[in-house]
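All residue numbers in this chain count up from 1 along the given sequence.
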Amino acid sequence: MTGLLLLLQLQASPLGLPPDTTRPKHDALHYDITVVVGDTSGHIVGQVEATWRIGSREPLVLDLDSVMRVVRILQPGGGGGRRGVWFREGNQVGVPHELGPGDTLVTRIRYHGTPRDGLVIRPNVYGVRTAFADNWPDRARRWLPSQDHPADKATVSWHVEVPAGYRAVANGVLERVDTLVRGRTVWHYRTENPIPVYTMVFGAAPFAVTPLPDAGCAVRCVPLSVWTYAQDSAKVVAGPFRRAGAMVDYFSRLIGPFPYQRLAHVESSTRFGGMENATAIFYDEKAIANGTLSEATVAHETAHQWFGDAVTEADWRHLWLSEGFATYLAALWAGYADGDSARARAMRHAAQAIFDSPATERPILDPAPPSLMALLNSKNHQKGAWVLHSLRGLVGDSAFVTALRRFYERHRDGTALSDDFARIASEAAGRDLTWYFAQALTQPGYPILDLRWRHEPGRGLVVTLRQTQPEAWGLYRLPGLVLAVDGERHRVDVEGRESVHVLRGVRRTPARVEVDPDGWWLLRVRVAR
């Protein structure tokens, strides 16, 4: 197939859903964030100086919960801005301007308040007061004035003032720590790479910090560390983080260089088991305190640094590009570290989660998800992982790894949609795979096969495969499906409601016929004579 023909076919791909919300009209380039955490209350004082590339003459509109009081908005050196003019409408702040597309605007917002969500200030599991941002999916707007949408990535600088005895962790590299009166300190961090707002976080607590050996040194050494409460510092390094460096090494070889300058694993008050904040992964404090945090979670969140953080879904309904990738990469890590049986076990558990979930009645690319939080389901995690696993079985290891690497290379520090990955996978495989991604991402469910067979002397084994899944799920194509007849493998192409195949090399009645013995397809099978 010529490159032009392939391009024309993919341009008509059903995988480019319309935007889930109104896209930002302006482009945030950099956020410079100052946050002052008090000694006793949940009240914060903040300032955000942001640099924008203007996309239209419409006002710049930022998301910010109405409980956060805006004191003043300035436009220092903004050029063309209407200085001192701004407006507040509910949970948004508007800044009119007189600039044209491509111009640059700088805004400085001073504000304060007690966040209702997004920034959690409360006693931790040991009764010690801590502060942690917990932004996913769109909760940054509860405390941080920003364009809170994954399509708008920016670099970020942090200046976090914390009480005496506290340490602050945030995205990027620590530049310096300033000591103020009464022992308070200001921690300054900065990123070199743009990241999505939902991963822009800081944490403040009386942390114990444990350095780990650098990782990824084949390309560029990545400093690693574990930040925990003092009570937990001894238990984690020998537990879920004992192979944290090896994970970075493995993913760096498999996909490409680690995208950032360092990586911290942080005990926190996140509501999730783990949250993949760029360069500073937050883990559930309860799981660490009670010893239930798994290495699989660490692998999943580490993989997110490549997919989710460096390559970000441009639209929430394409979340499988983040969660499905991280889930599958964690399974690949298990196979690399503990053998193929560990990888196969992870995929079986993923399949069972899909079979048991009512979410399977909707497609991965759901045109009408009930809520953003509801996107954290078996479709985007486990079924997304199976989309990648079946793709690997379909195109082979070499083409699959090439697709991963090209996808990362081309979209690193940017955003992507499902049709971007489908296009790259087709290129890597040398054939159009639009059909595969269409059925995997836009059809609900999975194939359910009824298999019947009979042996006819002189002819061979006659196998009938009938798809019996609910009609609403549609029919699936399964090219190259393997049938193991008493261990001997035969390949058949399944297409349509019913297909009949004659396996002429089978000379006697078999004792056993298996479908997909190596587990490349997400399916269920009923075998009958």
Short side-chain to backbone donor-acceptor contact, [X] and [Y], under 3.5 Å:
X    : Y    : value
H265 : Y283 : no
Q439 : R477 : yes
K153 : G414 : yes
R343 : A334 : no
D152 : A28  : yes
K379 : P363 : yes
S357 : A353 : no
D486 : P510 : no
R141 : D148 : yes
T468 : I448 : yes

Between [X] and [Y], is any pair of side-chain heavy atoms under 4.5 Å apart?
X    : Y    : answer
V237 : L212 : yes
L433 : V395 : yes
L461 : V513 : yes
L449 : L478 : yes
E456 : R454 : yes
V197 : D63  : no
D518 : R489 : yes
P259 : E192 : no

*Test side-chain contact (heavy atoms from CB on, under 4.5 Å) applied to H318 and L417, I364, T415, the passing residue*: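 Running side-chain contact (heavy atoms from CB on, under 4.5 Å) over L417, I364, T415 with H318 returns exactly one hit, L417.
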
_side-chain contact (heavy atoms from CB on, under 4.5 Å), paired with V492, selected from V500, V463, L503_ =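 Running side-chain contact (heavy atoms from CB on, under 4.5 Å) over V500, V463, L503 with V492 returns exactly one hit, L503.
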
Exercise: identify the closest heavy-atom pair between [X] and [Y]:
X    : Y    : answer
A472 : P444 : O-CG, 3.6 Å
A416 : V311 : CB-CG1, 4.3 Å
A170 : A280 : O-CB, 4.2 Å
A296 : A330 : O-CB, 4.1 Å
V298 : P240 : CG2-O, 3.7 Å
A403 : A425 : CB-CA, 3.9 Å

Tell me if the [atom1] atom of [X] is crowded by more than 12 foreign heavy atoms within 6.0 Å.
X    : atom1 : answer
E409 : CD    : no
R253 : CZ    : yes
R512 : CZ    : no

*asked:* Determine whether L475 and R497 satisfy the following criterion, side chain to side chain contact (heavy atoms under 4.5 Å, CB included), listing intermediate values before the conclusion.
replied: CA-CA 7 Å; L475 298 177; R497 179 64 67 182; 3.4 Å; yes

*Residues in side-chain contact (heavy atoms from CB on, under 4.5 Å) with Y260, at least two apart?*
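Partners of Y260 by the side-chain contact (heavy atoms from CB on, under 4.5 Å) criterion, ordered by chain and then number, come out as N193, I195, F258, A278, T279, Q305, D309, A310.
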
*Among all residues two or more places apart in sequence or in another chain, which pass the side-chain contact (heavy atoms from CB on, under 4.5 Å) test with R491?*
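side-chain contact (heavy atoms from CB on, under 4.5 Å) list for R491, sorted by chain: V482.
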
_Angle between ring planes, H300 versus H304, binned at 30° and 60°: parallel, tilted or perpendicular?_
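Answer is perpendicular, since the angle exceeds 60°.
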
*Parallel, tilted or perpendicular: which describes the rings of Y408 and W306, with under 30° parallel and over 60° perpendicular?*
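Tilted: the ring planes of Y408 and W306 meet at 30° to 60°.
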
Below 4.0 angstrom, N of the basic side chain to O of the carboxylate: do [X] and [Y] qualify?
X    : Y    : result
D134 : R139 : yes
D420 : R410 : no
R243 : D338 : yes

*Please assess V527 against W453 for the test side chain to side chain contact (heavy atoms under 4.5 Å, CB included), listing each intermediate value before the final yes or no.*
CA-CA 9 Å; V527 180; W453 56 270; 4.1 Å; yes

So how far is it from [X] [atom1] to [Y] [atom2], rounded to the nearest 0.5 Å?
X    : Y    : atom1 : atom2 : value
H30  : T155 : NE2   : OG1   : 5.0 Å
Y31  : Q147 : OH    : CD    : 5.5 Å
S418 : R317 : OG    : CZ    : 11.0 Å
L321 : D315 : CG    : CG    : 10.0 Å
F241 : I281 : CZ    : CD1   : 8.0 Å
R459 : R504 : CZ    : CZ    : 6.0 Å

*Would V515 and L483 count as a side chain to side chain contact (heavy atoms under 4.5 Å, CB included) if you check the C-alpha gap in whole Å, the side-chain angles of each, and the deciding distance to 0.1 Å?*
CA-CA 5 Å; V515 177; L483 304 180; 3.8 Å; yes

*Between F421 and F325, ring centroids under 6.0 Å*: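 Yes, the ring centres sit under 6.0 Å apart.
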
*Centroid-to-centroid, Y198 to W316, below 6.0 Å?*
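Yes, the ring centres sit under 6.0 Å apart.
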
List, one per line, each side-chain donor-acceptor pair under 3.5 Å for residues 383-392, sequence neighbours excluded.
unit_1	atom_1	unit_2	atom_2	d
K383	NZ	Q443	O	3.4
K383	NZ	G445	O	2.7
W386	NE1	M347	O	3.1
H389	ND1	Y328	OH	2.8
H389	NE2	G519	O	3.0
S390	OG	W386	O	3.2
S390	OG	W520	O	2.7
R392	NE	D397	OD1	2.7
R392	NH1	Y328	OH	3.0

*How about W143 and N135: does a side-chain donor come under 3.5 Å of a side-chain acceptor?*
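Judged by distance alone, the side chains do pair up.
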
*Do W473 and Q467 have side-chain N/O donor and acceptor atoms under 3.5 Å apart?*
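Distance-only check fails for W473 and Q467.
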
*Take L376 and F272, measure what side chain to side chain contact (heavy atoms under 4.5 Å, CB included) needs, and give me the verdict at the end.*
CA-CA 10 Å; L376 293 179; F272 309 105; 3.6 Å; yes

